[in-house]
Amino acid sequence: MVPLRVLTLIFTGPDRPAVLVLEPIEEVLDGMSRIVPVWIGANEAMQLGMAIEHAKLPRPMTHDLFIDAITNLDATVDHVLINRVEGQTFFARLFLRQEGRIIELDARPTDALSLAIREDAPFLIDEEVLAAASFPYLFQSEKEKEVELQEFHTFIDSLSPDDFNLQ
């Protein structure tokens with residue numbers, strides 16, 4: 001099992017699908033990581049966005065109600081496991097801890113992740129699912145960005161009108 005974090009949530013509009021982009025929490029090798037894009041509906045994106053932003057509404061939403069019920073049953077969200085993928089459809093298990101025992105529930109990944117994020121519980125992905133559903137992701141470290149920016153500034157500072165060979 002590989003721990004995940006939310007890299008970003010791309011929300012394009014109320015009637016359009018969104019993309020939740022998950023990233024393994026692992027050592028990045030040669031500036032390359034992996035991402036797991038999960039296509040979700042607009043309602044699910046809204047719920048996840050609220051969880052990511054830790055937004056609170058005056059009245060409880062469904063996930064808030066579920067957390068309240070779990071808490072009142074002396075349980076906590078232990079973790080979430082994305083354990084299967086079929087095509088573009090992901091499957092997850094929600095693990096609750098109650099008085100030393102683990103309760104395992106089948107859940108939609110978006111619901112399970114909304115709960116885990118609200119409760120700061122870890123979420124993981126099965127290694128086989130990660131291999132099947134992830135894509136390489138290249139990025140620059142802050143130091144690489146600074147070096148590139150400095151090289152660009154040096155180039156700009158060295159320019160003269162003669163370099164443009166305007167005729």
Side-chain angles (χ1 to χ4, degrees), residues 1-73 75-97 102-142 144-145 148:
M1 295 186 290
V2 178
L4 295 170
R5 68 175 158 241
V6 174
L7 182 62
T8 191
L9 174 62
I10 303 167
F11 185 71
T12 58
D15 296 327
R16 304 183 67 152
V19 182
L20 174 66
V21 183
L22 302 172
E23 177 183 42
I25 301 172
E26 59 185 15
E27 187 174 327
V28 176
L29 302 172
D30 297 325
M32 184 177 299
S33 183
R34 295 177 282 174
I35 59 168
V36 180
V38 181
W39 290 90
I40 60 177
N43 291 335
E44 290 82 2
M46 209 165 31
Q47 285 294 328
L48 278 164
M50 290 175 58
I52 291 166
E53 295 296 323
H54 300 288
K56 295 287 183 191
L57 297 176
R59 299 290 300 145
M61 298 297 286
T62 304
H63 293 93
D64 301 318
L65 176 62
F66 196 75
I67 291 292
D68 195 34
I70 291 170
T71 302
N72 280 292
L73 293 170
T76 59
V77 175
D78 189 75
H79 68 280
V80 168
L81 173 63
I82 299 173
N83 65 328
R84 199 168 95 222
V85 63
E86 291 179 11
Q88 295 295 317
T89 304
F90 288 85
F91 297 82
R93 305 296 291 174
L94 172 65
F95 293 83
L96 304 177
R97 180 176 296 280
I102 296 290
I103 302 165
E104 184 177 341
L105 303 170
D106 185 27
R108 295 185 314 169
T110 52
D111 290 331
L113 290 171
S114 286
L115 295 171
I117 291 167
R118 281 176 169 79
E119 293 296 290
D120 294 321
F123 40 101
L124 311 126
I125 191 167
D126 183 273
E127 290 179 22
E128 290 178 12
V129 175
L130 179 62
S134 67
F135 297 90
Y137 173 68
L138 296 171
F139 66 94
Q140 290 180 310
S141 68
E142 288 302 314
E144 290 170 323
K145 287 178 188 176
E148 186 175 331

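Throughout, numbering of the chain's residues begins at 1 and tracks the sequence. Excluded from the calculations below are hydrogen atoms, water molecules and symmetry mates; all remaining heavy atoms, backbone and side chain alike, are included.
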| remark: Rounded to the nearest 0.5 Å, the CD1 atom of Ile70 sits from the NE2 atom of His63 at a distance of 10.0 Å
| message | Just so I know, are the side chains of Leu96 and Thr76 near enough to count as touching, which here means a heavy-atom distance under 4.5 Å? | response | no
| query | With side chains defined as the heavy atoms from C-beta onward, is the minimum distance between Glu119 and Leu115 less than 4.5 Å? | reply | no
| With a 4.5 Å limit on heavy-atom distance, are the side chains of Leu22 and Ile35 in contact? | no
| note | Tested for side chain to side chain contact (heavy atoms under 4.5 Å, CB included) against Leu20, the lone hit among Leu7, Ile10, Val6, Thr8 is Val6
| query | So with a 6.0 Å cut-off around CE of Met1, is the heavy-atom count from everything else above 12? | reply | no
| request: Using atom types as modelled and distance alone, determine if a side-chain donor or acceptor of Thr110 lies under 3.5 Å from a backbone N or O of Leu48. | output: no
| Roughly how far, to the nearest 0.5 Å, is the CD atom of Gln47 from the OG atom of Ser114? | 6.0 Å
| said: Leu94 vs Val77, test: side chain to side chain contact (heavy atoms under 4.5 Å, CB included). Steps then yes/no. | reply: CA-CA 8 Å; Leu94 172 65; Val77 175; 3.9 Å; yes
| query | Could you walk me through whether Asp126 and Arg84 pass the salt bridge (Lys or Arg N to Asp or Glu O under 4.0 Å) check? | reply | CA-CA 7 Å; Asp126 183 273; Arg84 199 168 95 222; over 6 Å; no
| query | Do the non-hydrogen side-chain atoms of Arg34 and Phe135 ever get within less than 4.5 Å of each other? | reply | no
| Glu128 atom CD: more than 12 heavy-atom contacts under 6.0 Å | no
| query | Are Ile82 and Leu4 side-chain neighbours, meaning at least one heavy-atom pair lies under 4.5 Å? | reply | yes
| Is it the case that more than 12 heavy atoms not belonging to Phe66 sit under 6.0 Å from its CZ atom? | no
| task | Please say whether more than 12 non-hydrogen atoms of neighbouring residues, nucleotides or ligands are located less than 6.0 Å from CG in Asn72. | result | yes
| How many angstroms lie between CD in Glu44 and CH2 in Trp39, if you round to the nearest 0.5 Å? | 14.0 Å
| Short N-O contact, Arg118 and Asp64, less than 4.0 angstrom | yes
